[in-house]
Engineer: 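Below is a structure I'd like to ask you about.
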Amino acid sequence: MTEKSTATETAAGTTADPAADWEERVASAWAGFGSAPGTDAAAFRAVIGALVAELPDDSPVGPFELACAWDSTGHSDRAVPLYREALDRGLDGYRGRRAKIQLSSSLRNIGQPEEGVRLLSPELVGVSDELDDAVRATLALCLASLGREREGLSLVLGALAPHLPRYQRSMANYARLLVEPEG
């Protein structure tokens, strides 16, 4: 074949999307991580590293996945520059939002919660998705690390209120009153 194809031939003669296959293998690696006692963090990072090596050199997904692997194995300090690289390369959408959440958490872990607050605050008014509560929870932790617990509690109560079987309105009002003056 003279042209590059976005699909490869399988044994059955049908085509398969290599990007989907890569995503499945990454998901499988993550699903297996930590499920067995004594999971080796270095071996897991090596698996993720091998998968990342299959990506184009300028892919924003590569540094993101590496950051996640370092972060999930207790190395926030190693994850921070990789999250930044992924975002600088243009990581966006769902993974981009995850990168902002995880970078903010890692920044908090290494003593830079103010940067986490700056990074996540715009996410409160951005696109709404299933990560909204994670944004609020992580931002609340960053705020608490800065001594701004009332603001953090307000965010957490506001995120929790819609999930309650009752008292949604009361909890939402209490959340608001933690940061707004009465009257």
Side-chain angles (χ1 to χ4, degrees), residues 19-20 23-24 26-35 39 44 48 60-61 63-183:
E23 293 287 352
E24 288 174 15
V26 168
S28 178
W30 280 102
F33 175 63
S35 61
T39 300
F44 171 71
I48 295 298
V61 175
F64 171 73
E65 290 296 336
L66 290 172
C68 293
W70 280 107
D71 214 358
S72 295
T73 57
H75 296 277
S76 294
D77 58 325
R78 301 284 301 266
V80 166
L82 291 164
Y83 286 131
R84 286 184 173 138
E85 181 180 350
L87 291 167
D88 288 346
R89 287 185 185 182
L91 188 68
D92 59 4
Y94 190 77
R95 269 195 174 114
R97 196 158 195 228
R98 284 183 54 208
K100 290 174 186 174
I101 293 165
Q102 291 166 210
L103 173 56
S104 295
S105 177
S106 293
L107 287 165
R108 178 185 163 272
N109 289 339
I110 64 170
Q112 298 174 26
E114 62 284 334
E115 191 174 344
V117 169
R118 282 193 303 274
L119 187 63
L120 281 184
S121 293
E123 293 296 312
L124 293 174
V125 294
V127 175
S128 181
D129 62 18
E130 65 189 46
L131 296 174
D132 289 352
D133 292 344
V135 166
R136 285 173 174 76
T138 305
L139 182 53
L141 288 168
C142 289
L143 289 167
S145 291
L146 292 170
R148 295 164 57 186
E149 293 87 356
R150 287 181 70 85
E151 289 174 74
L153 180 57
S154 174
L155 285 171
V156 172
L157 282 176
L160 175 64
H163 303 284
L164 298 174
R166 298 187 54 93
Y167 314 111
Q168 297 94 344
R169 188 177 39 216
S170 296
M171 287 300 147
N173 284 332
Y174 293 145
R176 181 181 48 77
L177 291 173
L178 282 167
V179 293
E180 288 181 10
E182 288 189 54

Engineer: Are the side chains of E123 and L131 in contact, using a 4.5 Å heavy-atom criterion?
Structural biologist: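 No; the side chains remain at least 4.5 Å from each other.
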
Engineer: Is it true that R150 and E180 make a salt bridge, defined as a side-chain N closer than 4.0 Å to a carboxylate O?
Structural biologist: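 No, R150 and E180 are not salt-bridged.
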
Engineer: Would you say S121's side chain and V117's backbone share a donor-acceptor pair under 3.5 angstrom?
Structural biologist: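 Yes; judged by distance alone, with no hydrogens or angles, the pair exists.
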
Engineer: Look at the side chain of T73 and the backbone N and O of W70, then say whether any donor-acceptor pair between them is shorter than 3.5 Å.
Structural biologist: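 Present.
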
Engineer: Could you tell me if the side chain of E149 sits less than 4.5 Å from the side chain of L143, heavy atoms only?
Structural biologist: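 Sidechains of E149 and L143: no contact.
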
Engineer: Less than 4.5 Å apart, side chain to side chain, heavy atoms only: is that true for R176 and S154?
Structural biologist: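 No, too far: nothing below the 4.5 Å cut-off.
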
Engineer: Scan residues 136-148 for pairs that pass side chain to side chain donor-acceptor pair (under 3.5 Å), counting only residues two or more places apart or in two chains.
Structural biologist: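 Counting only pairs at least two positions apart or across chains, the side chain to side chain donor-acceptor pair (under 3.5 Å) contacts touching residues 136-148 are R108-S145, R148-E151.
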
Engineer: Can you confirm whether more than 12 heavy atoms, excluding those of Y174, are under 6.0 Å from its OH atom?
Structural biologist: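 Open: at most 12 neighbouring heavy atoms sit under 6.0 Å from OH of Y174.
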
Engineer: Can any side-chain N or O of S28 pair as donor or acceptor with the backbone N or O of E24 at less than 3.5 Å?
Structural biologist: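 No, S28 side chain to E24 backbone: no donor-acceptor pair under 3.5 Å.
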
Engineer: Compare all side-chain heavy atoms of R97 with those of D132 and state whether any distance is below 4.5 angstrom.
Structural biologist: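 They are in side-chain contact.
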
Engineer: Determine the interplanar angle of the F64 and Y83 rings, folded into 0 to 90°, and report it as parallel if under 30°, tilted if 30 to 60°, perpendicular if over 60°.
Structural biologist: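 It falls in the tilted class, 30° to 60°.
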
Engineer: Is L124 close to L120 at the side-chain level, that is, under 4.5 Å between some pair of heavy atoms?
Structural biologist: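 Side-chain contact under 4.5 Å: no.
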
Engineer: With a 4.0 Å cut-off on N to O distance, would you call D129 and R98 a salt bridge?
Structural biologist: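 Result for this pair is no, no salt bridge flagged.
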
Engineer: Given side chains that start at C-beta, do those of K100 and L87 come closer than 4.5 Å, heavy atoms only?
Structural biologist: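 They are in contact (side-chain heavy atoms under 4.5 Å apart), so the answer is yes.
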
